[in-house]
Amino acid sequence: MVIINNYEKYKSLEGVMVGSSSWHTIDQAQINRFADATLDHQWIHVDHQKALAEGPYRSTIAHGYLTLSLIPYLWKQIVEVKNVSLEINYGIENFRFGVPVKVDSEVSLQATIRSVKDLRGTVKVIVGAKLMIKGESKPAYTGDVVFLYHFK
């Protein structure tokens, strides 16, 4: 785990792959809860029998947005940012989904600090995010997430 206490430490990590999260299993229960929360009950996500018989992946798959929503949880396994009074998920940029995440797959986030800028007291950090699937050579997605921090 990388500990960041201030802007200078963040800036020193610019261009560095800071680490990978632990593996997280996306099971059908999590997919179903996400479907309920987002009102997205498309059969490819929630109907195991139909997905098995008719789906292109012979399995249900996680919603793409479910996998994106794991970023804060997985990110906090890689980096701990201390001495902040405010932390904001500011945006996502240039995301592309590569391969679907089948039910019961294990995923891990790889994070690279792309840029760190001090915007008059607000620190803007762009993190390159790659979600790996255990046993797959291609990532589930790649893209950049943008965080804003106000250090104390």
Side-chain angles (χ1 to χ4, degrees), residues 1-4 9-82 84 86-117 119 122-149:
M1 163 126 358
V2 175
I3 307 294
I4 297 171
K9 175 63 176 178
Y10 239 140
K11 189 69 175 173
S12 75
L13 295 169
E14 202 168 49
V16 174
M17 200 282 256
V18 289
S20 298
S21 71
S22 62
W23 292 101
H24 172 78
T25 302
I26 300 178
D27 61 17
Q28 191 62 52
Q30 184 174 26
I31 293 169
N32 292 346
R33 287 190 305 271
F34 190 84
D36 289 342
T38 60
L39 306 177
D40 181 357
H41 293 94
Q42 186 183 78
W43 65 266
I44 193 73
H45 304 301
V46 298
D47 187 335
H48 175 73
Q49 293 304 320
K50 186 172 182 176
L52 186 62
E54 300 176 30
Y57 310 109
R58 300 294 181 235
S59 170
T60 54
I61 61 171
H63 303 72
Y65 287 124
L66 165 57
T67 63
L68 287 177
S69 74
L70 292 172
I71 290 173
Y73 168 72
L74 299 172
W75 169 244
K76 290 187 185 311
Q77 295 177 18
I78 301 167
V79 171
E80 182 179 355
V81 183
K82 295 184 174 186
V84 291
L86 184 62
E87 178 179 342
I88 298 169
N89 295 324
Y90 187 66
I92 57 174
E93 301 173 342
N94 305 312
F95 262 84
R96 298 292 180 265
F97 293 100
V99 294
V101 177
K102 295 177 183 178
V103 67
D104 296 325
S105 291
E106 294 180 71
V107 297
S108 173
L109 182 70
Q110 291 181 354
T112 301
I113 308 298
R114 295 218 192 279
S115 71
V116 179
K117 294 181 183 171
L119 307 173
T122 299
V123 177
K124 179 182 177 186
V125 179
I126 299 177
V127 177
K130 182 188 297 187
L131 191 71
M132 301 306 297
I133 305 167
K134 191 176 269 187
E136 291 281 340
S137 59
K138 294 182 180 179
Y141 60 66
T142 58
D144 295 329
V145 291
V146 184
F147 299 116
L148 298 180
Y149 298 96

Please identify each residue that fulfils side chain to side chain contact (heavy atoms under 4.5 Å, CB included) with [X], with sequence neighbours left out.
{"X": "Asp40", "value": "Thr38, Gln42, His45, His63"}
{"X": "Val46", "value": "Asn32, Ala35, His41"}
{"X": "Phe95", "value": "Leu68, Ile71, Ile92, Ala129, Tyr141, Val145"}

Under the salt bridge (charged side-chain N to carboxylate O under 4.0 Å, His left out) rule, collect the residues that match up with [X], sequence neighbours excluded.
{"X": "Glu14", "value": "Lys11"}
{"X": "Lys124", "value": "none"}
{"X": "Glu80", "value": "none"}

Report yes if the side chains of Val116 and Leu13 come closer than 4.5 Å at any heavy-atom pair, otherwise no.
-> no
State, with a plain yes or no, whether a side-chain heavy atom of Val103 is found less than 4.5 Å away from one of Ser59.
->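 Sidechains of Ser59 and Val103: in contact.
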Spatial distance of atom [atom1] ([X]) from atom [atom2] ([Y]) [nearest 0.5 Å]:
{"X": "Lys130", "Y": "Ser20", "atom1": "NZ", "atom2": "OG", "result": "9.5 Å"}
{"X": "Leu131", "Y": "Leu70", "atom1": "CG", "atom2": "CG", "result": "7.5 Å"}
{"X": "Ile126", "Y": "Arg114", "atom1": "CD1", "atom2": "CZ", "result": "9.0 Å"}
{"X": "Leu148", "Y": "Leu86", "atom1": "CG", "atom2": "CG", "result": "8.5 Å"}
{"X": "Ile44", "Y": "Lys50", "atom1": "CD1", "atom2": "NZ", "result": "9.5 Å"}
{"X": "Thr60", "Y": "His48", "atom1": "OG1", "atom2": "NE2", "result": "7.0 Å"}

Does the ring center of Tyr149 lie less than 6.0 Å from the ring center of Tyr10?
-> yes
Which pair of heavy atoms, one from [X] and one from [Y], lies closest together, and at what distance?
{"X": "Pro100", "Y": "Ile133", "result": "O-CD1, 3.6 Å"}
{"X": "Phe34", "Y": "Tyr65", "result": "CZ-C, 3.6 Å"}
{"X": "Ala111", "Y": "Ile78", "result": "CB-CD1, 4.0 Å"}
{"X": "Leu74", "Y": "Ser22", "result": "CD2-O, 4.3 Å"}

Give the C-alpha distance, both sets of side-chain angles, the deciding distance and a yes or no for side chain to side chain contact (heavy atoms under 4.5 Å, CB included) between Val125 and Val146.
-> CA-CA 6 Å; Val125 179; Val146 184; over 6 Å; no
State which residues pass side-chain hydrogen bond (donor to acceptor under 3.5 Å, both in side chains) with [X]; sequence neighbours excluded, sorted by chain then number.
{"X": "Tyr73", "answer": "Gln77"}
{"X": "Lys134", "answer": "Glu106"}
{"X": "Ser115", "answer": "none"}
{"X": "Asp104", "answer": "none"}

Trace of the side chain to side chain contact (heavy atoms under 4.5 Å, CB included) decision for Ile31 with Leu66 | CA-CA 8 Å; Ile31 293 169; Leu66 165 57; 4.0 Å; yes
Taking only residues at least two apart or on different chains, which pairs with a member in residues 24-33 satisfy salt bridge (charged side-chain N to carboxylate O under 4.0 Å, His left out)?
-> none
Quick one: which residue pairs count as a salt bridge (charged side-chain N to carboxylate O under 4.0 Å, His left out) with a foot in residues 51-67, not counting sequence neighbours?
-> none
Step by step, would you call His24 with Gln30 a side chain to side chain contact (heavy atoms under 4.5 Å, CB included)?
-> CA-CA 11 Å; His24 172 78; Gln30 184 174 26; 3.0 Å; yes
Can we say Glu87 and Lys76 salt-bridge, meaning some charged N sits less than 4.0 Å from an Asp/Glu carboxylate O?
-> yes
May I have the step-by-step check of side chain to side chain contact (heavy atoms under 4.5 Å, CB included) for Val127 and Thr112, ending in yes or no?
-> CA-CA 6 Å; Val127 177; Thr112 301; 6.0 Å; no
Is the number of heavy atoms from other residues, nucleotides or ligands under 6.0 Å of Tyr90 OH greater than 12?
->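 Count not over threshold, so no.
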